[in-house]
Structure formats: structure tokens, C-alpha cells
Amino acid sequence: MTRPVKAAVFGTGSWGTAFAMVLADAGCEVVLWGRRQELVDAINSGRTNPDYFPDVELPANIRATTDPAEAAAGADFTVLAVPSQTLRGNLAAWAPLLAPETVLVSLMKGVELGTAKRMSEVIEEVAKVPAERIAIVTGPNLAAEIAARQPAASVVACVDEAAAQRLQAACHTPYFRPYTSTDVIGCELGGAVKNVIGLAVGIADGMGLGDNTKGSLITRGLAEATRLGLAMGADPLTFSGLAGLGDLVATCSSPLSRNHTFGTNLGRGMTLEETIAVTKQTAEGVKSCQSVADLARRHGVDMPITDTVVDIVHHGKPTLVALKELMGRSAKPERR
Ligand SMILES: NC(=O)c1ccc[n+]([C@@H]2O[C@H](COP(=O)([O-])OP(=O)(O)OC[C@H]3O[C@@H](n4cnc5c(N)ncnc54)[C@H](O)[C@@H]3O)[C@@H](O)[C@H]2O)c1
Ligand SMILES: O=P(O)(O)OC[C@H](O)CO
């Protein structure tokens with residue numbers, strides 16, 4: 001008899017918890033690591049995560065701990081679901097505890113500030129594991145909908161296709177349909193850039209602009225992601241798939257998206273400080289817009305929507321001025 005697959009999930013926030021449910025529903029034995037003892041105790045005794053999904057009963061094959069060594073022990077998959085900008089520091093502490101052959105799985109959709117490194121690059125550098133043991137999960141996966149077991153597709157990407165297939169099997173459920181990919185760069189960029197475009201669409205929504213504006217931002221945002229991906233060696237077709245278009249559509253349409261909501265609040269006229277104060281969860285695009293713009297500059301890629309978001313979010317440019325400048329750029333062919 002084969003033993004069940006073991007998964008450690010580091011992060012008891014919305015996506016860590018919802019993805020732990022997916023793994024558990026797919027038959028894995030899951031240990032969730034969380035920072036706060038009271039939340040871990042509540043998960044173990046109440047079978048819910050009261051801070052994120054109080055009305056969702058967690059499967060019996062999930063338990064929680066504050067001890068990273070206990071979570072990591074014997075894990076076939078070590079899933080990382082903390083805010084992107086905290087990964088380096090956290091992983092440095094967890095790296096010595098990792099099971100020898102574990103596959104590290106990033107759920108994160110950010111790019112590191114300062115270094116402009118993708119999360120898989122940070123993992124490779126800090127945990128000192130080869131790229132063949134680093135996978136990512138991405139796609140149109142709003143955590144609250146997944147926790148409600150609504151149907152969704154996703155992408156699991158790893159340069160080693162066999163590892164991607166093992167992860168695919170470990171998280172395949174009747175409501176969660178993962179596709180494999182070996183284009184880690186494209187999948188990670190798709191996830192990071194869609195958050196920036198989600199902010200832009202939210203800002204437009206908040207300003208009272210309509211669906212033509214939204215459709216234009218989504219499409220030209222996809223063009224920005226694809227251009228950056230091409231310059232960085234990604235497969236351009238990845239961007240028309242779940243990691244690109246799929247996630248853009250979900251994020252830019254949904255009030256559940258934290259990035260979209262953050263942008264909407266800014267577009268309605270809240271200051272950055274007021275918007276941060278009412279945002280209870282991680283909106284990765286707020287910091288990563290700067291790292292995505294840095295990546296674009298390094299690779300000589302034009303990303304005007306991304307630059308506009310940076311100007312509004314980080315340099316306090318008034319939204320109407322930013323919009324006028326974005327629309328006032330010189331005319332050009334759609335494809336070049
Ligand atoms: N929520 C979603 O719908 C969703 C879906 C797909 C991908 N993601 C990505 O998953 C990642 C995690 O997002 P989330 O939605 O779970 O965020 P979240 O804000 O809901 O949860 C983040 C978790 O990390 C913990 N945390 C915060 N700062 C920390 C630190 N310094 N050290 C350790 N832990 C810390 C929080 O306590 C919380 O448990 C992000 O990169 C996000 O883009 C989220
Ligand atoms: O809530 P957001 O904006 O972080 O988006 C969540 C997911 O990435 C959607 O796929």
C-alpha cells in the first residue's frame with residue numbers, strides 16, 4: 001500500500017488555507033504552519049480558520065502547527081503562501097528544516113523589491129535547491145471561491161515536467177483542475193503583472209469609468225505582460241492561458257480581488273495611507289508594481305500602464321492627470 005502524499009503549507013492566510021483544503025480534498029496529509037498560536041489552536045480545535053473562512057469546515061486531514069520543523073518534516077511538497085516581500089527572510093529560517101527531496105511550491109504572485117527577483121529565483125537562492133525541485137501554482141484562483149469549492153482551473157509549472165505532474169496529481173480535485181506547464185518564467189510573470197493591471201482596472205472602476213476602459217486596460221495589460229515575458233525568455237502563449245488572460249479576467253472582474261479593490265479605493269479618491277489602512281489582506285501589486293517596472297527597465301521593455309500605476313501608487317500622481325498622460329502618448333501600431 002502506498003502512503004498518502006504529505007504536504008506542508010507555510011501560511012494560514014486566505015490562499016494558504018484554501019490551497020491546503022485543495023490538497024486535503026485531493027487526498028494529501030496536510031500540515032499548515034501559522035505564526036499565531038491562537039489561530040493554530042482555533043484551526044485544530046474548531047476545524048475552521050476563523051480569521052479568513054469562519055464558515056468553511058476544514059477537512060479532517062489538515063492540522064496546524066506553529067512549529068516549522070514539525071510542518072516541514074517528511075513533506076513531499078512544501079508550499080509557500082506568505083507575502084512575497086517576506087519570503088526571503090522566512091525561507092532563510094525554514095531552509096535547514098526542509099525534507100531532503102521535497103518539492104518547494106510557490107503560491108505567491110509577487111516580485112521581490114530591490115532585487116526584482118521572481119519568487120522561484122528567491123527560493124532557489126535561499127533554499128539552495130535546483131530549479132527541478134521548485135514549482136509554482138497560478139491562475140484564476142480567488143481563494144474564497146476555491147474555499148467554497150467552486151470550479152476553477154489552474155496551472156502548476158516546473159521546469160521538470162515530471163515534478164509538475166506529481167504536483168498536478170496531488171492537487172487535482174473535482175472542483176480544482178490543474179494543468180501542467182514548464183514555463184515557470186511566463187507563469188510567474190503572468191501572476192505578478194495581473195496584480196498591477198488589477199490595480200489599474202480598480203482605479204478606473206473607482207473613477208467611474210466603464211467597460212471599454214476595462215477591456216482596453218486588460219488587453220493592453222496583457223500586451224505588457226507578454227512583451228516582458230518575451231524579453232525574459234517566457235513562452236508568449238503562456239500569457240493567453242490561465243496564468244495570463246485567465247487570471248487577468250478573474251482579478252479585473254472580481255470584488256474579491258484585493259488588488260482590484262485596492263485600486264478601486266484609490267480611484268474613488270482615498271489616499272494611499274487610507275487605502276492601506278482598510279486593506280486587511282495582501283495586495284501584492286502595491287509593492288510589486290515597482291519591481292515589475294524595474295524588470296521592464298532592465299529588459300528595455302515599454303510598460304506604460306505599469307508605470308502609470310507606480311506613479312499613482314508611489315508618487316502620488318493624481319489619477320486624472322495619470323489617465324490624461326496615458327491616453328496622450330503617441331499613437332502606434334497594436335503589434336510591434
Ligand atoms: N488570496 C487569493 O485569492 C490568492 C490566490 C492566488 C495567489 N495568491 C497569492 O498568495 C500569496 C499569499 O496571499 P494570501 O492571499 O494568502 O494573503 P493573506 O494576506 O490572506 O495571508 C498572508 C499570510 O501570511 C502571513 N504573514 C504576513 N506577514 C508575514 C510575515 N512577515 N512572516 C510570515 N507570515 C506572514 C499572514 O499572517 C497570513 O497568514 C500572495 O502572493 C498572493 O498574491 C492569493
Ligand atoms: O486578491 P488578489 O488580487 O490577490 O487576487 C487573487 C488571485 O491572485 C486571483 O487569481
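Ligands are counted one by one from 1 in listed order, and the atoms in each one are counted from 1 as well.
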Taking side chain as C-beta onward, heavy atoms only, is [X] less than 4.5 Å from [Y]?
X	Y	answer
Asn90	Phe10	no
Trp33	Asp67	no
Val155	Thr180	no
Trp94	Val82	yes

Thr66 versus Gln37, side-chain donor and acceptor atoms under 3.5 Å | yes
Please collect all side-chain hydrogen bond (donor to acceptor under 3.5 Å, both in side chains) contacts where either partner lies in residues 196-219, sequence neighbours excluded, each pair once.
->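 Pairs touching residues 196-219 that pass the test: Asp205-His260.
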Enumerate the protein residues lying less than 4.0 Å from ligand 1, judged by heavy-atom distances, in chain and residue-number order.
-> Thr12, Gly13, Ser14, Trp15, Gly16, Arg35, Tyr52, Ala81, Val82, Pro83, Ser84, Thr86, Asn90, Leu107, Met108, Lys109, Asn141, Leu142, Ala143, Arg258, Gln281, Thr282, Glu284
If you round to the nearest 0.5 Å, how far is CG of Asn44 from OG1 of Thr65?
->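 Between Thr65 OG1 and Asn44 CG, I get 8.0 Å after rounding to 0.5 Å.
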Extract all N/O-N/O pairs under 3.5 Å that connect ligand 2 to the protein, and present each with both atom names and the distance rounded to 0.1 Å.
unit_1: ligand 2; atom_1: 1 (O); unit_2: Arg258; atom_2: N; d: 2.8
unit_1: ligand 2; atom_1: 1 (O); unit_2: Arg258; atom_2: NE; d: 2.5
unit_1: ligand 2; atom_1: 3 (O); unit_2: Ser257; atom_2: OG; d: 2.6
unit_1: ligand 2; atom_1: 3 (O); unit_2: Arg258; atom_2: N; d: 3.2
unit_1: ligand 2; atom_1: 3 (O); unit_2: Asn259; atom_2: N; d: 3.1
unit_1: ligand 2; atom_1: 3 (O); unit_2: Asn259; atom_2: ND2; d: 2.8
unit_1: ligand 2; atom_1: 4 (O); unit_2: Arg258; atom_2: NE; d: 3.3
unit_1: ligand 2; atom_1: 4 (O); unit_2: Arg258; atom_2: NH2; d: 2.9
unit_1: ligand 2; atom_1: 4 (O); unit_2: Asn259; atom_2: ND2; d: 3.2
unit_1: ligand 2; atom_1: 5 (O); unit_2: Lys194; atom_2: NZ; d: 3.1
unit_1: ligand 2; atom_1: 8 (O); unit_2: Lys109; atom_2: NZ; d: 2.8
unit_1: ligand 2; atom_1: 8 (O); unit_2: Lys194; atom_2: NZ; d: 2.7
unit_1: ligand 2; atom_1: 10 (O); unit_2: Lys109; atom_2: NZ; d: 3.0
unit_1: ligand 2; atom_1: 10 (O); unit_2: Gly139; atom_2: O; d: 3.0
unit_1: ligand 2; atom_1: 10 (O); unit_2: Asn141; atom_2: N; d: 2.9
unit_1: ligand 2; atom_1: 10 (O); unit_2: Asp247; atom_2: OD1; d: 2.6

The complete set of salt bridge (charged side-chain N to carboxylate O under 4.0 Å, His left out) pairs with one or both residues in residues 50-60, sequence neighbours excluded, reads Arg36-Asp51
Answer yes or no: is there an ion pair linking Glu70 with Arg63, defined by an N-O contact shorter than 4.0 Å?
->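 Yes, charged N to carboxylate O under 4.0 Å.
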